[in-house]
Q: 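One structure follows; several queries about it will come next.
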Amino acid sequence: MVFLAQLPKEQLVAQLENGVILMILGITTVFVFLTLLVFLTKAMSAIAKKIAPQKPKAVVSSPAAVTASASSASEADIAAAIVAAFAKSKE
Amino acid sequence: MVFLAQLPKEQLVAQLENGVILMILGITTVFVFLTLLVFLTKAMSAIAKKIAPQKPKAVVSSPAAVTASASSASEADIAAAIVAAFAKSKE
Amino acid sequence: MVFLAQLPKEQLVAQLENGVILMILGITTVFVFLTLLVFLTKAMSAIAKKIAPQKPKAVVSSPAAVTASASSASEADIAAAIVAAFAKSKE
Amino acid sequence: MIGSAFNQLWQSTGLFGFLGMAEGFGVGNLVMILVGFVLLYLAIVKNFEPLLLVTIGFGCILSNIPMGYAASIDPNSGAPGFIKLLFDMGIDTGLFPILIFMGVGAMTDFGPLIANPKTLLLGAAAQAGIFVALLGALALSFIPGINFDLFAAGSIGIIGGADGPTAIYVTSRLKPDLLGPIAVAAYSYMALVPIIQPPIMRALTTKEERMIKMQQLRPVSKLERILFPLTVLTACAILLPSATPLIGSLMFGNLVKECGVTNRLSDTMQNALMNIVTIFLGLSVGSKMEASHFLNLNTLGILVLGMVAFSIGTTSGLLIAKLMNKLDPKHPVNPLIGSAGVSAVPMAARVASKVGQESDPQNFLLMHAMGPNVAGVIGSAVAAGVLLAVIPSMM
Amino acid sequence: MIGSAFNQLWQSTGLFGFLGMAEGFGVGNLVMILVGFVLLYLAIVKNFEPLLLVTIGFGCILSNIPMGYAASIDPNSGAPGFIKLLFDMGIDTGLFPILIFMGVGAMTDFGPLIANPKTLLLGAAAQAGIFVALLGALALSFIPGINFDLFAAGSIGIIGGADGPTAIYVTSRLKPDLLGPIAVAAYSYMALVPIIQPPIMRALTTKEERMIKMQQLRPVSKLERILFPLTVLTACAILLPSATPLIGSLMFGNLVKECGVTNRLSDTMQNALMNIVTIFLGLSVGSKMEASHFLNLNTLGILVLGMVAFSIGTTSGLLIAKLMNKLDPKHPVNPLIGSAGVSAVPMAARVASKVGQESDPQNFLLMHAMGPNVAGVIGSAVAAGVLLAVIPSMM
Amino acid sequence: MIGSAFNQLWQSTGLFGFLGMAEGFGVGNLVMILVGFVLLYLAIVKNFEPLLLVTIGFGCILSNIPMGYAASIDPNSGAPGFIKLLFDMGIDTGLFPILIFMGVGAMTDFGPLIANPKTLLLGAAAQAGIFVALLGALALSFIPGINFDLFAAGSIGIIGGADGPTAIYVTSRLKPDLLGPIAVAAYSYMALVPIIQPPIMRALTTKEERMIKMQQLRPVSKLERILFPLTVLTACAILLPSATPLIGSLMFGNLVKECGVTNRLSDTMQNALMNIVTIFLGLSVGSKMEASHFLNLNTLGILVLGMVAFSIGTTSGLLIAKLMNKLDPKHPVNPLIGSAGVSAVPMAARVASKVGQESDPQNFLLMHAMGPNVAGVIGSAVAAGVLLAVIPSMM
Ligand code: NA
Ligand code: NA
Ligand code: NA
């Protein structure tokens, strides 16, 4: 276990002040940005409807297909494994 | 055909001595390391049997699946290609 | 819109002369090279026929398989995969 | 002479190094190797984000083998080890997390978000955890033995983004020394979401709230799916250029997937490219699990703050959802989906759905929770942009 | 203090940059972003070479976001952006187009060319467009506001090669600043081949000529397919070493495909490797779409000259085919296949076939047109070799 | 003026270079190109390890084209050729063989070795060939015209490891100039195993010995398969850190395959990543087939010593197997499987099985031979670790 030298107190206080500023700034920006995005997305959808009115093609895709992280690809892996196993078993 | 300048004899002799040392060192190390590995592997198997006693799941896999070189992967490739092709063709 | 400084006229004329030389040189080289390739290819085919006389195996492949650009590859990929897989599986 | 050669060989054994007899090595390496084995255990047996924790764990072990020099420069030959090569290639430059983010973009379905854009606000709310943890890190520094500067605090806060590549990217820019503990904390807590979130969710909602049924999501057209990444990109270009690498690569991957004419690129982004980069990135991150940067109170602080960040994020997501119900009672939102705003895709959305079905088995929340879930990815990237733009100018 | 932080954030918005208030940025970036969107439109809606134009277009947008520094060095941190990393890795070094060319080789079937080698001459003839455009570029430079040196002229000429990787490789060696407009022109005109070529083809041929039926191609043995790339390589080694990178990698890919014992390498060259490199190459090329090098009369000149190059190439291919019919009436050649000599594989061959069927629906020219079509790829690479060998020694 | 341009072009032809009229080139390049064609012949027609010999052969041809500068720096432009880029990226740094070894690990089944661990001793014995060849190289150096220093001797010895990536890794660390002949010898003899080994096997065993039936291998659990790579890694960390890159990457690949939760990484390691690296590695190794380092008596010495190494390895593997039967007659070992200890996976194991069936067609030795076969891979990596740790300190 390594014990680190303590930072001087004035620096810690200054950092904390900066941290508060960062927090206000950050939360504000995130909210402003995503709120703006709500309106932009609605506007985009409205425009899209005007451009291509009768094409509400796809129903929102099924739960199984909704994945956005690397870790969730396992089902596809499993499917591939099953298929590969079948192929091998018929050799 | 390029003829290389001959190294001086003393250097050749010194090299040869080093070579003998390397040989003894090398063969010893390889044997010590792999002999140790024999015991470690046996110990590992014993521990594994204790942790998960009734799971001698897989029979040692078939010859066809036992490959460790790049060149022998072609069958698996072919199988994968067939499967992929079929899958796509049924879309 | 950015307006670029004009190159001096002598340089432009010199460039144009070099361009004419490049053109003559380039067209000549391309024609010499590809003409030579016509004869080399014919010679190669003749030699190939001598080495392996009764193996005019493959009919020139079908239109679908003839692709050489990245953009058109997707269908061809699938087709090729199916074909390759089938061919191999019948070996 | 043979004796001296054997002595030479003995001095090049790992044992010699673990015993602290070789300069720069010691028992700390042994402890870190054990930490690496613990990560492998969590990944393989407990199934904690195995793609990352297997590679990080193995990278940790390899990098801590004394005189193996896998992640440093061999002082005898002057040659860098292979993990150092990978680190310099992709982490030091920031390239690997960006390429992973492209693949994430190509795997993400923004459909539920487009169908119900106000769930973006839930993704925004859940980023509060980032900034609370940042502040917490600075406060904890008053304790002797814990020391975080602003760069470290920003990197720790981003654990609350619950998004692996974002956390690695930000930390590689701000405080590369902390990559090891921060990446481990981020991926571990993402794996622990089913344990961390449900108690908070049950405590902050009534049974009635948990039973709220939401309107079925409308279908989303292909055109909307194509225009959405371009819309987000445009907003990013106008407002927050410092988020360009993250938001840009995410939206690039998504456009390549949705536009329908570049499927072969999308397929490679999601598979071959992503897997190659994951291997390289995991090993490289693991190489930052050094005794000197891991075996101290700071790491403990990081683990505590990471947990705080996840909890605060979950809480604020839930509370904003309840507030939205107050403000707009006509379009009720089940507050459980607010907790999915922390990202941790798709785990947090599944947790929301599962907790919902405890109260009403007929209430299928998964698709509704995917909206705030992917919004959380955007929200974290925006927060990352702020940290990257402001922190360096503060010091 | 918060005020100053908000001010700091405002000064880091893209809007601040577009308004020209940040050094090095301005409304030119906004225009280039719109150009990027136009490229995306052409790729996605009009289906113009989507693999390249989606990636180039997106790369253009990302690189032009003010203070995003995606394709340059961030002056604050000194760190290069991820697109700059990709550019330095693969375009500056010339590696990416070479790797793409391997994949092209692994996808190319030289069978029709081997069966009818004299179609190589059609592929030679169509390269005339390259040199006429080169000359045109030098002539246009007399117009005030247009300035091309010999390096630029060579890069512009190679658009007439109608071969993307060749154009990018040559331009990256001779005039990297023009990569953006030249790559865009090359890929756009390749996509426009079905519009550019048919009027010329109809104007220069009689109906009787267009109805000429050609003898069925003989079967080509596996041995011939293996020996062909080695034959071309040998000719290249003896005559034109400066074409080694292009011809060598093309023939390497083709041998790996045809030899029958390295299928797994061929498959990777055509898929994973090619897709990864396409993503990296497209983004990198897009990053050369800078306002300062794009928004001037030169770009207009490049667009005009590219069109001239394609037209001249088409014309000379057709005319040589007609000449061949005069010289050797026993083995008639449908002159329409001469236009396929410009490369633009396989689009130009398809156009030849389609125009032929307008006159006689029973006349299947596609396989016959593939010969000159792939010959055009070799011809462009040879022309590229001449440009690369001679131009640097002229200045 | 045109005349001077044509002269310029003539001086840039390969013919001009082959005739020795350009500095640094000569008829040696022509001979090396022919050697490259011989390698292609062996690969394609004789099926000698085609994945490597096709790429090495083509790399040799491309690198020897005069004034092609594919594997060197173009003195006119100062730009490195694409094969030089690949070489610097992956061979000079040692990265490519390490990545190949990961893929080998992900393709290796250690099951038969775990079921019968004493076959590890057979894998140890067969490494004797390495050190005998090393000594032989130093002895041969007394012959005028042959000169090997200790670095060269170590690189030559490792041919006896019968393992491509190990040979390339060690040589790239110790004596990169000899990469060409050593890689070619290693892969050629691996392909020739079915010709080299059987006579030795028949000469050193009696018919009774060849008919020995071995007990059926016990099943191996998944847990054992997971723990085995970790066990080997631990032994390596404690005893021989200098083998970390080789043993570590092999065991990483194997763990990724066996742990069952990272299949997508394992798949990419075995396919896309391995194929890409094989292409790059083969071309790079081929570029070390330079006339100056190949066309001399040393190369002849390397070929002789490589053969000696394989033969000694086979012999010692067989003899130790016979010794084991003397010491432990209750668990008989068919001595034929001892010859599989040289590695050359899986060829040597197949040869053992085939020779066994000559005496008794009902005796299936393949699975038994896989144990020493994969043990040989570990044994070679250990031997490599010794060479890499000791040789540099001896000079
Ligand atoms: Na998040
Ligand atoms: Na062309
Ligand atoms: Na071996």
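In what follows, chains carry the letters A, B, and so on, assigned in the order in which the sequence lines appear, proteins first and then strands, with residues in each chain numbered from 1.
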Q: First locate atom CD1 of A:Ile51, then atom CD of D:Glu224, and finally report the distance between them rounded to the nearest 0.5 Å.
A: 10.5 Å
Q: Check whether any side-chain heavy atom of D:Val132 sits under 4.5 Å from a side-chain heavy atom of A:Met23, and report yes or no.
A: yes
Q: Tell me, side chain or backbone of D:Ile320 under 4.5 Å from chain A's heavy atoms, or both, or neither?
A: side chain
Q: Flag the one option from D:Ala153, D:Cys236, D:Ser141, D:Pro165 with the top tally of heavy-atom pairs under 4.5 Å to chain A.
A: D:Ser141
Q: With only heavy atoms counted, which part of D:Ile226 is less than 4.5 Å from chain A, the side chain, the backbone, both or neither?
A: neither
Q: Could you have a look at D:Leu120, D:Val386, D:Thr119 and say which one has the most heavy-atom pairs with chain A under 4.5 angstrom?
A: D:Leu120
Q: Where on D:Ala125 is there a heavy atom nearer than 4.5 Å to chain A: the side chain, the backbone, both, or neither?
A: both
Q: Most heavy-atom pairs under 4.5 angstrom with chain A, which of D:Phe110, D:Phe131, D:Phe294?
A: D:Phe131
Q: Select one option (side chain, backbone, both, neither) describing which atoms of D:Leu239 are under 4.5 Å from chain A's heavy atoms.
A: side chain
Q: Counting heavy-atom pairs closer than 4.5 Å to chain D, which one of A:Val13, A:Val30, A:Thr29 comes out on top?
A: A:Val30
Q: Can you check whether A:Leu22 reaches D:Leu134 side chain to side chain, under 4.5 Å on heavy atoms?
A: yes
Q: Roughly how far, to the nearest 0.5 Å, is CD1 of D:Ile391 from CG of A:Asn18?
A: 9.5 Å
Q: Would you please test D:Leu138 and A:Leu12 for side-chain contact (heavy atoms from CB on, under 4.5 Å) and show each step?
A: CA-CA 7 Å; D:Leu138 298 173; A:Leu12 290 173; over 6 Å; no
Q: Give, for atom CD1 of A:Ile27 and atom OG of D:Ser316, the distance between the pair rounded to the nearest 0.5 Å.
A: 8.0 Å
Q: Can you name the closest pair of heavy atoms from A:Ala48 and D:Leu227 and give their distance?
A: CB-CD1, 4.3 Å
Q: Please say which of A:Leu37, A:Thr41, A:Leu40 ends up in a side-chain contact (heavy atoms from CB on, under 4.5 Å) with D:Val232.
A: A:Leu37
Q: Does the side chain of D:Phe142 come within less than 4.5 Å of A:Leu16's, by heavy atoms?
A: yes
Q: Checking the side chain of A:Gln15 only, and the main-chain atoms of D:Phe148 only, is there a donor and an acceptor separated by less than 3.5 Å?
A: yes
Q: Does some side-chain heavy atom of A:Ser45 sit less than 4.5 Å from a side-chain heavy atom of D:Arg218?
A: yes
Q: Drop me the distance from D:Asn147's CG to A:Gln11's CD, to the nearest 0.5 angstrom.
A: 8.5 Å
Q: With the side chain counted from C-beta on, respond yes when A:Met44 and D:Ile114 share a heavy-atom pair under 4.5 Å apart, and no when they do not.
A: yes
